[in-house]
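Worksheet: one structure, shown below.
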There are 2 protein chains.
Amino acid sequence: MSSPVNVAVDRRSPVPLYFQVAQQIEAMIDRGELLPGARLENEVVLADQMGLSRPTMRQAIQYLVDKGLLVRKRGVGTQVVHGQVKRNVELSSLHDDLLRANQYPTTKVISATVVPATDDIAVALHQPPGAEVVRLERLRYANDQPLAILQNWLPTGLADLTPERLERQGLYALLRAVGVTLRVASQRIGARAATGREATLLTERRGAPLLTMVRTTYDDSGRAVEYGSHVYRPALYSFEMALVER
Amino acid sequence: MSSPVNVAVDRRSPVPLYFQVAQQIEAMIDRGELLPGARLENEVVLADQMGLSRPTMRQAIQYLVDKGLLVRKRGVGTQVVHGQVKRNVELSSLHDDLLRANQYPTTKVISATVVPATDDIAVALHQPPGAEVVRLERLRYANDQPLAILQNWLPTGLADLTPERLERQGLYALLRAVGVTLRVASQRIGARAATGREATLLTERRGAPLLTMVRTTYDDSGRAVEYGSHVYRPALYSFEMALVER
DNA sequence: TAGTGGTCTAGACCACAGT
DNA sequence: CTGTGGTCTAGACCACTAC
């Protein structure tokens with residue numbers, strides 16, 4: 001009844017055991033060795049087979065459940081979800097998203113200046129009203145087609161945000177490179193009509209539907225490090241995600 | 001340096017200990033007893049104070065980290081995130097979302113019929129091509145204003161989806177009531193212009209921007225139980241969510 | 001009744017951050 | 001160096017499902 005799971009862990013590796021197991025099970029699903037609906041053996045048996053304790057095995061399975069690849073039912077067992085779900089669990093930037101989809105992103109920096117924060121920006125970044133913040137405006141292309149207008153505000157002094165660097169890599173990669181660990185974000189996705197300026201930049205018509213996203217991102221100290229307000233051309237971009245009931 | 005956490009657990013309660021702890025810490029954050037940026041005591045001390053083991057305490061903290069309320073940094077400690085994030089971790093239906101926001105949702109069922117599945121619906125629901133499926137079309141109002149057109153397809157025989165029931169409660173609540181446990185969903189959010197029919201139903205202009213969402217939902221056996229294609233008026237609705245880096 | 005995942009304990013050692 | 005979270009073990013009992 002149960003599908004065999006053939007996984008071996010390397011105890012000398014610095015990679016956590018639960019993560020090794022999770023990666024290998026995910027690879028088996030990708031390769032079709034574990035088909036949708038397949039039932040895995042129970043946690044105790046799996047743990048024994050791999051020479052792990054049950055909590056470690058559970059951690060591996062829980063990781064894949066959170067990722068939307070497996071479902072568990074008490075008294076029944078663990079099964080592979082039918083159909084593929086978006087595996088992305090990361091706090092990803094548009095730049096990395098496009099790279100992953102082989103979309104060859106390029107960026108034009110429209111402006112990168114230091115300005116006093118307006119009230120709403122100050123609140124979002126938890127800065128005193130009127131504090132100086134960095135304001136970025138970029139135009140992001142995918143395969144040489146204009147895709148999105150990205151407006152961002154950051155506290156000053158976080159990183160050296162020169163236009164050259166911003167055109168070579170994404171903002172998130174740049175922040176990570178200077179030791180900022182992005183951890184949590186709160187975002188809102190909506191839609192509205194393009195303004196004249198947006199339409200011009202994105203080669204759309206004024207009033208054309210645009211997808212919008214505003215996001216505040218916090219680092220591993222819980223401080224707000226970035227506020228973004230982006231508009232996307234809906235024919236070229238949409239947001240995909242997995243939801244998991246806890 | 002550390003903020004005190006005053007929590008007591010009831011060991012006779014059927015509610016898991018880690019969940020009792022998590023709920024009480026969340027309540028303290030809501031009441032402002034734990035301010036943004038406040039550092040909690042370390043896991044071992046917290047566990048001792050509450051008479052719990054460290055793994056149980058960790059599980060409580062991890063729950064709140066996943067919810068976007070806390071951040072942890074190795075070697076440093078656990079802190080409350082600055083700014084408020086969307087707490088919602090559930091696989092929520094629009095109906096419940098509106099209820100929670102005191103928006104008084106009402107529903108008009110436009111059609112509820114059994115039809116042969118088109119190819120894309122059959123694929124999404126993992127049914128054989130042409131299999132009979134239930135097709136629903138509903139118009140959802142909030143405070144008597146038209147808010148969204150909801151199209152859904154489901155395998156037949158799941159539940160008795162009469163218009164009367166669908167107008168009294170949300171589809172998800174109806175499914176849960178007949179024992180379907182929704183577990184995982186994969187969704188895509190985009191935007192496009194309103195068609196003439198959509199514009200009429202939603203009292204918008206033809207070509208007005210609409211927010212779109214398509215979603216496939218799976219139950220705790222990993223089977224697809226619902227495919228939905230919805231359009232929303234962006235002035236009245238947007239999607240809000242927390243993202244957590246793992 | 002048998003088998004499953006859900007919860008919980010009481011330890012241990014390690015990796016990393018800040019001093 | 002000390003203190004923190006990250007990982008891991010080897011058990012235990014319980015709740016729920018299916019037969």
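In this text, all values refer to a predicted model and were calculated from it rather than measured experimentally. Quick note on labels: first sequence line is chain A, next is B, and so on, each numbered from 1.
Classified by interplanar angle (parallel below 30°, tilted 30° to 60°, perpendicular above 60°), the ring pair A:Y227/A:W153 is tilted.
Residue pairs meeting the salt bridge (Lys or Arg N to Asp or Glu O under 4.0 Å) criterion with at least one partner in residues 45-54 of chain B, sequence neighbours excluded, are B:E43-B:R54. For residues 24-54 of chain B, there are no ring-ring contact (aromatic ring centres under 6.0 Å, His included) pairs, not counting sequence neighbours. Among residue pairs with one or both ends in residues 166-185 of chain B, none qualify as ring-ring contact (aromatic ring centres under 6.0 Å, His included); sequence neighbours excluded.
Contacts between residues 51-59 of chain B and DNA chain D, defined by a heavy-atom separation below 4.0 Å, involve B:R54, B:R58, listed by number.
Under the rule for a salt bridge (Lys or Arg N to Asp or Glu O under 4.0 Å), A:E167 has no partner lying at least two apart in sequence or in another chain. Looking at residues two or more places apart in sequence or on another chain, you find no side-chain hydrogen bond (donor to acceptor under 3.5 Å, both in side chains) involving B:H126. Here B:T56 pairs with B:L17, B:Y18, B:L52, B:S53 under the side chain to side chain contact (heavy atoms under 4.5 Å, CB included) rule; sequence neighbours left out. Partners of B:R165 by salt bridge (Lys or Arg N to Asp or Glu O under 4.0 Å), not counting sequence neighbours: none found. Among residues two or more places apart in sequence or in another chain, the salt bridge (Lys or Arg N to Asp or Glu O under 4.0 Å) test is passed with B:E41 by none. Checked against salt bridge (Lys or Arg N to Asp or Glu O under 4.0 Å), B:D10 has the following partners two or more places apart in sequence or in another chain: B:R12.
If you measure from atom CG of B:L40 to atom C1' of D:dT4, you get 13 Å, rounded to the nearest angstrom.
B:L17 comes within 4.0 angstrom of the backbone, heavy atoms only, and of no base.
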* Base-contact (B) and sugar-phosphate-only (S) positions in nucleotides 14-19 of chain D, heavy-atom cut-off under 4.0 Å, - elsewhere -> -BBB--
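Running 5' to 3' along DNA chain C, contacts with non-hydrogen atoms of chain B at under 4.0 Å begin and end at C:dT7 to C:dA17.
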